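In this text, all values refer to a predicted model and were calculated from it rather than measured experimentally. The figures here come from the full heavy-atom set of this structure, side chains too, leaving out hydrogens, waters and symmetry mates.
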Amino acid sequence: MKIAIIGAGLAGLTLARRLSDAHDVLVLEKARGPGGRMSTRRADPWAFDHGAQYFTAETPRFQAFLESLAPREMIASWPPAITLKGNARISDKPKYVAQPGMNALCKWLAHKIDLRTQVEVAHLHKQQDGWFIETDQGAGLGPFDWVISTAPAQQTARLMPAEFSEMPALDAVRMSGCFALMLGFDAPIALPWQALKSDRGAVGWIAVNSQKPQRGAAFSVLIQSTNVWADAHLEDPRATIQDTLLQAASDLAGTDFAGASHQVLHRWRYASTPEPAGKPYLLDADLGLAACGDWCLGSKVEAAFSSASALADAFQSITEA
């Protein structure tokens, strides 16, 4: 069958790897490369993991997947410890990153996958011979027997037709935003920690990105807002957001970050999922439409993998029946 998968994050690429053995799979991604919220932004000589900061592995299936990558030396432990501020709490589970950048994992999954980047899906419509996709540039793709969206729930809901049987579950998902401020310095700053987590005010996370494994020598710091603060300020002027995060992070760290020679702000409109779908995937076999992603189960990297794996299992059962 011909299958279109929207989104080249961990969920989309995990699904594509599973389905491409038996089907003709095309992955469409609106960004310049794979990764989704596991992306890495580069601004020579600095690099920033400006989305997911690390991941855990609590399920046997995800643990086995990571173990299969051991010969490639793609996964490393990080951070050694996290400094907590206020009432912030964090899991004591082992934490990992991909190396040399968080996007390395998705780049590897994308190998030998038919992936088209900088293609934003604008509309789906069904004809007698299958589903057709219209892009934001007016191009038409298709026909496809199945279209599967791994985009954030709100974006998926805008694409799916009203008759999609899982629309109530899709509409019930609530996602929150996040701002990421990327700082590059000409000289290192002495900090007593590699990562700091807070539950107060604007800043929820500060990490010395350059101290992650294989990140290079150029000193870089990544600041992320709390989700609650981001949701209240999503449409505020960028300069105001940047100044607020810079001052709040400097106060938290007890050092002045304003001297960074590289300062870039990124807005994640959909970064975490306070209210997930509560089921591993959404599927309408009659229409030939489905959706999956971390937002089905939560907000973690592992949730994206688990959601895609569960949908691949279900898809295999349907096609073999």
Side-chain angles (χ1 to χ4, degrees), residues 9 29-54 79 85 88 97 101-103 106 117-118 120 151-152 154-155 175-189 191 193-212 215-216 218-274 294 299 301:
E29 168 58 50
K30 68 178 182 179
R32 289 178 293 178
R37 293 196 299 279
M38 292 186 75
S39 293
T40 299
R41 180 79 63 85
R42 302 191 184 278
D44 192 48
W46 302 286
F48 305 92
D49 298 319
H50 62 305
Q53 294 297 289
Y54 61 83
K85 293 283 188 177
V97 293
M102 195 64 97
N103 63 351
C106 289
T117 59
Q118 296 182 290
E120 184 170 355
Q154 286 80 353
Q155 294 174 345
M175 301 187 74
S176 288
C178 178
F179 288 97
L181 179 57
M182 295 163 271
L183 304 179
F185 296 84
D186 296 326
I189 297 176
L191 293 171
W193 39 259
Q194 293 188 23
L196 180 151
K197 183 176 175 62
S198 171
D199 66 345
R200 296 178 178 176
V203 172
W205 177 264
I206 310 173
V208 183
N209 202 95
S210 50
Q211 290 186 342
K212 291 181 178 180
R215 261 48 178 196
F219 191 82
S220 61
V221 171
L222 190 283
I223 299 166
Q224 287 184 333
S225 71
T226 59
N227 300 120
V228 171
W229 188 87
D231 285 345
H233 298 276
L234 273 179
E235 305 303 334
D236 286 6
R238 293 297 186 95
T240 302
I241 296 291
Q242 184 165 321
D243 289 345
T244 301
L245 292 180
L246 198 61
Q247 185 60 58
S250 297
D251 292 343
L252 269 176
T255 191
D256 188 5
F257 289 132
S261 56
H262 176 84
Q263 301 184 22
V264 173
L265 182 72
H266 180 84
R267 181 182 68 180
W268 295 100
R269 185 175 289 276
Y270 307 111
S272 68
T273 315
D294 57 351
S299 302
V301 168

*Any donor and acceptor pair, going by atom type alone, linking the side chain of Ser220 with main-chain N or O of Ser210 inside 3.5 Å?*
yes

*Enter the distance from Asn209:CG to Thr40:OG1 here, rounded to the nearest 0.5 Å.*
7.5 Å

*Are any side-chain N or O atoms of Gln263 and backbone N or O atoms of Ala258, one a donor and one an acceptor, separated by less than 3.5 Å?*
yes

*Kindly indicate whether the side chain of Met175, heavy atoms from C-beta on, has any atom under 4.5 Å from the side chain of Thr273.*
yes

*Identify the two heavy atoms, one from Val203 and one from Ala248, that lie closest to each other, and give their separation to 0.1 Å.*
CG2-CB, 3.7 Å

*Calculate, to the nearest 0.5 Å, the distance between atoms CG and CH2 belonging to Leu181 and Trp205 respectively.*
15.5 Å

*Asn103 vs Arg42 side-chain heavy atoms within contact, under 4.5 Å*: yes

*Would you say the side chain of Ser299 lies within less than 4.5 Å of the side chain of Arg37, judging by non-hydrogen atoms?*
no

*Closest contact, heavy atoms only, Leu245 versus Ser225*: CD2-CB, 3.9 Å

*Backbone of Gly201 reached by a side-chain donor or acceptor of Thr226 within 3.5 Å*: yes

*Does the side chain of Ile206 reach to within under 4.5 Å of the side chain of Val221, using non-hydrogen atoms?*
yes

*Is a donor on one side and an acceptor on the other found under 3.5 Å between the side chain of Thr117 and the backbone of Gly33?*
no

*Interatomic distance, Phe185 atom CZ to Trp46 atom CH2 [nearest 0.5 angstrom]*: 9.5 Å

_Within-4.5 Å side-chain heavy-atom neighbours: Leu252 and Arg200_ = no

*Shortest non-hydrogen contact from Ala260 to Leu183?*
CB-CB, 3.8 Å

*Are His233 and Arg267 close enough that some pair of their side-chain heavy atoms sits under 4.5 Å apart?*
no

*Does the side chain of Arg269 reach to within under 4.5 Å of the side chain of Gln155, using non-hydrogen atoms?*
no

_Spacing of CG belonging to Asn227 relative to SG belonging to Cys178, to within rounding of 0.5 Å_ = 5.5 Å

*How far apart are the closest heavy atoms of His262 and Ala43, and which atoms are they?*
CE1-CB, 3.5 Å

*asked:* For Phe48 versus Gly184, what's the shortest heavy-atom pair and its separation?
replied: CZ-N, 3.9 Å

_Considering all heavy atoms, the nearest Ala249-Ile223 contact_ = CB-CD1, 3.4 Å

*Give a yes or no on whether the backbone of His50 and the side-chain of Trp268 come within a donor-acceptor separation of less than 3.5 Å.*
yes

*Find the distance between CG (Asp236) and CZ (Phe179) and round it off to the nearest 0.5 Å.*
7.0 Å

*Examine the side chains of Gln247 and Asp251 and answer whether a donor and an acceptor come within less than 3.5 Å of each other.*
yes

*asked:* Let me confirm one number: the CE-CZ distance from Met102 to Arg41, rounded to the nearest 0.5 Å.
replied: 15.5 Å

*asked:* Can a donor-acceptor pair be found, under 3.5 Å and without considering hydrogens, that links the side chain of Lys212 to the backbone of Tyr54?
replied: no

*asked:* I want to check something: taking the side chain as every heavy atom from C-beta on, are Ile241 and Trp229 in contact at a cut-off of under 4.5 Å?
replied: yes

